[in-house]
Amino acid sequence: SHVVEAHDEL
Amino acid sequence: MNIFRFAGDMTHLISILVLLLKIYATKSCSGISLKTQELYALVFLTRYLDLFTDFISVYNTVMKLVFIASSLAIVWCMRMHGLVKRSYDKELDTFRHYLLVAGCFALAVLVNEKFTFQEIFWAFSIYLEAVAILPQLVLLQRSGNVDNLTGQYIFFLGAYRALYLLNWIYRYFTEVRFSRWIACVSGIVQTGLYADFFYYYFLSWKNNAKLQLPA
């Protein structure tokens, strides 16, 4: 499934 | 990390430092919307829920802490600090910002990257940030003349998200699976809201005149 990677932006 | 995003983060940091300088140096928050500051504190608190769960980098964690601490400090200052509190334009800062909170939360429940607690609050913070400046722009129009530091604060605040737009374009072309369309569309709306401010800010800079927004 479409894994939401951690948000790396502020 | 790319130069656009780093420049964007630094511009954002500068905007906060300019606001802190204005409040500290003039011991006044006239012309500043407490409602916008409260919305920003909510934006950071709901966006950085992953502060203790996802470690990206020292830079990322430090900046998140700085943004949360500074936004809360500004709200505290405007609400509690005797001298500053008295200079708050209470009767002009009347935007019903709770409507923005409700609307953005409803949208976040409907449109998000994943229907999880963290992702819904992340999307909420993205939508809320796009409209958080509205009470400040309304206050600006009502209070007529703008002191330099307030004008610079708003300018840097608007410029930082414009730099993020360049960052997303850059990442779109350089990273295979990069898609942050929620942040991108929201960022375009956010930057668009500053359009007329940027225009009058440029005019005041070109004519070396005081920043005046038409009433």
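Convention: sequence-line order gives letters A, B, ...; per-chain numbering from 1.
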Subject >> Close contacts, residues 44-51 of chain B versus chain A, judged by heavy atoms under 4.5 Å >> reply: B/R47, B/Y48, B/D50

Original post:
Are side-chain heavy atoms of A/L10 and B/N60 found at a separation under 4.5 Å?
Top reply: yes

Subject >> B/F52: ring pair (Phe, Tyr, Trp, His ring centres under 6.0 Å) partners, not counting sequence neighbours >> reply: none

**OP:** Could you tell me which residues in residues 4-21 of chain B have at least one non-hydrogen atom under 4.5 Å from a non-hydrogen atom of chain A, sorted by residue number?
**Re:** B/R5, B/D9

Subject >> No-hydrogen, no-angle side-chain donor-acceptor test under 3.5 Å, A/H7 and B/Q118 >> reply: no

Subject >> OH (B/Y59) with more than 12 external heavy atoms under 6.0 Å >> reply: yes

Original post:
What residues of residues 155-176 of chain B sit under 4.5 Å from chain A when only non-hydrogen atoms are counted?
Top reply: B/R161, B/Y164, B/N167, B/W168, B/R171

